[in-house]
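Taking it in order: structure first as structure tokens, then the write-up.
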Amino acid sequence: MSDAESATKPFTIKGATGDWEIVVGLEVHAQVTAQAKLFSGASTEFGAEPNAQVSLVDAAMPGMLPVINGECVRQAVRTGLAINAQINKWSRFDRKNYFYPDLPQGYQISQLYHPIVGEGSLEITLDDGTTKTIGIERIHLEQDAGKSVHDLHPSMSYVDLNRSGCALMEIVSRPDIRSPAEAGAYVAALRQLLRYVGSCDGNMDEGSMRADVNVSVRKAGQPFGTRTETKNVNSVRFIMAAVEHEAKRQVDVLESGGSIVQETRLFDPNSGTTRSMRGKEDAHDYRYFPDPDLLPLVFDEAFIDQCRASLPELPAAKRARYQADLGLSPYLAGVLTAEKETADWFETALAATAAKLGKGQAEVSLRVANFVSGDLFGALKRLGKDIGESPVGPDALAELLALGADGTLSGPLMKQVFEAMLETGERAGAIVEQRGLKQVSDTGAIDAAIQTVLDANPDKVAEYRGGKDKLFGFFVGQVMRAMAGKAAPGVVNDRLKALLDG
Amino acid sequence: MSNLTDLSLTEMKAGLAARMFSAVELTQAHLDAMAANRHLNAYIVETPELALAQAKAVDDGTRGGPLAGIPLGIKDLFATEGVQTTAGSAILKGFVPRYESGVTANLLRDGAVFLGKLNMDEFAMGSSNETSAFGKVISPWKARGSDAELVPGGSSGGSAAAVAARLCAGATGTDTGGSIRQPAAFVGIAGIKPTYGRASRWGTIAFASSLDQAGPMARSVSDCAHLLTSMCGFDDRDSTSLDLPVPDFAAGLTGAMKGKRVGIPAEYRLDGMDPEIAALWDQGIAWLRSEGAEIVSVSLPHTKYALPTYYIVAPAEASSNLARYDGVRYGNRVTPPGGNVHDMYAATRAAGFGKEVKRRIMIGTYVLSAGFYDAYYTQAQKVRALIARDFELAFQQCDVLLTPTAPSPAFAFGAKADPIAMYLNDVFTVPASLAGLPAMSVPAGLSASGLPLGLQIIGRPLDEMGVLDAGLAIERAAGFTARP
């Protein structure tokens, strides 16, 4: 993984006739975070009773008309700015016509000809630390469809229109992705970015983010092959599996003399395979045309400026700053910026710790970063909680870290106090006070404890003095145990060395 | 009091205000007239109880407004809360909306009384009212010396017949390519289509979204002005609604033409034009000139492309707008035994739509399909822009345009069985629709056979006032008093 070659040598599928490259483009559908749907005032909350969130417009009652929800426009523009994309101040909605029971209007309002966001890009980081820029062709706004439920009745289907009309951003990548790992990294990076921007909650389980996966294969240096599109894949893992399976399937077809049919396929999460959804004979002619119920969507530079000003520091910038300004490793910077909530939490804790110690943030950053990414993450994982639900808040953690930094608590004592904080929700100072957990640096007490240990282990003392240096750790452990972990480790080391050698 | 139905809307307002008669009496007189004229088939649904309750509230003083107590008929294209709304189609038979259209809500706000829902061509597609699933509407007019039944025009044929036959004081109409103006001309009444965006389209069943506009039909220009003021106004539920103040058209109406420039578009003088129509047009020109207007000849060079353009754009939009009538959520559904959902769609729409609607859905589907889109739809949009520019340039030379409304007087049922012959009826009305301009028809005379003929006035965007003034000038000069 870590060899330099992996960055430059393309991912290939080994076929009987040689190596095949894979070419992937992703169309990610992200439900826009907004209180109301794209063209109606109905609520967008997930999990309501079927058909409880359906306005007259969503049900396409006769004479109903769409009116654009400005918040969805704002979120699309903010997302576009976050991928450094061209923002189109003039865009337009088109109708995509087809019949389906969960599509009440008989058409989906989308943006084929003039999308709101044009060319942009997203940088991805692979496991080996290499980075790659994936082009994004466009982002357009469109309506989601409802949901057909086929298993409630033997011969009829039910339709739930709660999702009908919810705003989606369709984020279309360039065919720049060359491996399942890149596909996974792209979706993960995009999800992270959307969550930072706040334009999509990224909940893939609830269907608020899903991808259509376009895959083709080719021999090195050849033009793009015929692609297939696997619809509605809804997790990073499944997207990677769909890419891998589909590419292998295509190689098998091509090597056995067949050709790839441009078609829509479905991913089966149980088997990890794809299968044909509909063939050419069912190919839709969507008869796109500009929606005459809507005026072109027009906004000015001031609106874009407002959108830009509302963006938070984005993950890439944050990672760079953590490394450059706070001196964190790429790994720590990546872990701490993975989620905006985590980064916010870390930054609050960092500022509080620095303030309590009267030091600069860069001086205490490593201490805070290590504790957050190690002890805190471990505890949260054990407790099954998000960082937002952490029983220990950032300021409480800062107090604990300050007690460690000023020598009040040793490393082991800090862990002990932290556990108590998790359990009781009390502050570190209070716990130290109540339980008398203060670190002991008094040489008299420590010398007495050391003497007791040496007296109890004359044989080991003899062995040590005879040259078995490794026994030093044993003595340290015995002394610490005798002092219930409260002894200052530095002092124990010094005194033990002096008494053993002396 | 049997002649209450003969009063103009303005006279009814005055009579009600002076308590010469009550709103209930006025409404009852119309309900009686409706009952006596059911053979015209003007109404699909009559709502006497609702109407009388609304009228009583006016008499009791609990309902008021500029149209308090005025009995109106409502074209069945407007959704009316609690009252069946079908757009003249079998597919919506029995559909009762839980909402009130923007336009009718405005009229109710102003105190109007609704007598019922007026028959119309199915989904407003037709020029003779022969396409309604509820049967044809018969014009109250007959040609001199003939007993043949005549069409009232379309698609607002029920509105036209009802107003002409005194079955309501005025009616709502909608105009996509002439559906207010042509029937108004056929039955000797006035009707105006305002600038696109003036009247809300919310709750009005869509035919062709970029063309549909509601407007009033009534027996005088002044009556139309009263109704137009009430019907228009910004509606934030319609993205194409214009957020502009609406003038009080009735108050502003003067009919003064002194100093106004009236444009006569050369291209409207078609080869083989009915000499009666040409003579009426010349008469109209003479009237306006003698009222002090300056007559200027103007050119609208792309006029000949208007009809083909309209018959691409309107069906294209309709084919998509009518996709929602699929039998899934409301309206009628036909489920063939053992069939799947696509069989249900096909059977539902085959049974629910009439021949003309199917024809237009097919035309629209065709012109939007891959490989034909650019040749038809894109091209039509370009021509549409050129037609709008023609008008823009013409209005640099004049204030309003004067043309005939229709190429002929009303015709007999079945006379225009060829769809193209029927479509040609819209030749004078379609260009203003494509350009979104305000336009009205006023009765100007009778044909040799004793049938009404109308003249059309087309105005600048938002200049309904100028259109109404020219209409009033024609109305006064014509002194049209003929009635069925």
What part of [X] gets within 4.5 angstrom of chain A, counting heavy atoms only: side chain, backbone, both, or neither?
{"X": "B:Asn321", "value": "both"}
{"X": "B:Ala87", "value": "neither"}
{"X": "B:Arg201", "value": "both"}
{"X": "B:Leu211", "value": "neither"}

Heavy-atom pairs under 4.5 Å with chain A are the metric here; pick the option from [options] that has the most.
{"options": "B:Gly371, B:Ser369, B:Gly102", "result": "B:Ser369"}
{"options": "B:Gly364, B:Gly331, B:Ser101, B:Ala323", "result": "B:Ala323"}
{"options": "B:Val367, B:Leu92, B:Thr365, B:Val341", "result": "B:Thr365"}
{"options": "B:Phe95, B:Tyr99, B:Phe78, B:Tyr377", "result": "B:Tyr99"}
{"options": "B:Thr378, B:Asp326, B:Ile205", "result": "B:Ile205"}

[X] (side chain) donor-acceptor with [Y] (main chain) under 3.5 angstrom:
{"X": "B:Ser155", "Y": "B:Ser179", "value": "no"}
{"X": "B:Glu317", "Y": "B:Ser210", "value": "yes"}
{"X": "A:Asp94", "Y": "A:Asp291", "value": "no"}

Heavy-atom proximity to chain B below 4.5 Å, by part of A:Asp293 = both
query = Where does A:Tyr98 contact chain B at under 4.5 Å (heavy atoms): side chain, backbone, both or neither?
reply = neither
Between [options], the one whose heavy-atom pairs under 4.5 Å with chain B are most numerous:
{"options": "A:Ser155, A:Gly106, A:Pro101", "value": "A:Pro101"}
{"options": "A:Phe289, A:Tyr107, A:Phe39", "value": "A:Phe289"}
{"options": "A:Pro290, A:Pro62, A:Pro292", "value": "A:Pro62"}

key: Test item: side-chain donor near acceptor, A:Ser216 and A:Arg227, under 3.5 Å   = no
I need the minimum non-hydrogen distance between [X] and [Y], along with the two atoms involved.
{"X": "B:Asn332", "Y": "B:Ala90", "result": "ND2-O, 2.5 Å"}
{"X": "B:Thr176", "Y": "B:Ala208", "result": "CG2-CB, 3.8 Å"}
{"X": "B:Thr172", "Y": "B:Met231", "result": "CG2-CE, 3.9 Å"}

request  = Taking the six-membered ring for Trp and the full ring for Phe, Tyr or His, determine whether the centres of B:Tyr373 and A:Tyr288 are under 6.0 Å apart.
outcome  = no
task = Please say whether the positively charged group of A:Lys89, taken as NZ for Lys or CZ for Arg, lies over the ring of A:Phe303, i.e. under 6.0 angstrom from the six-membered ring centre and within 45 degrees of the axis.
result = no
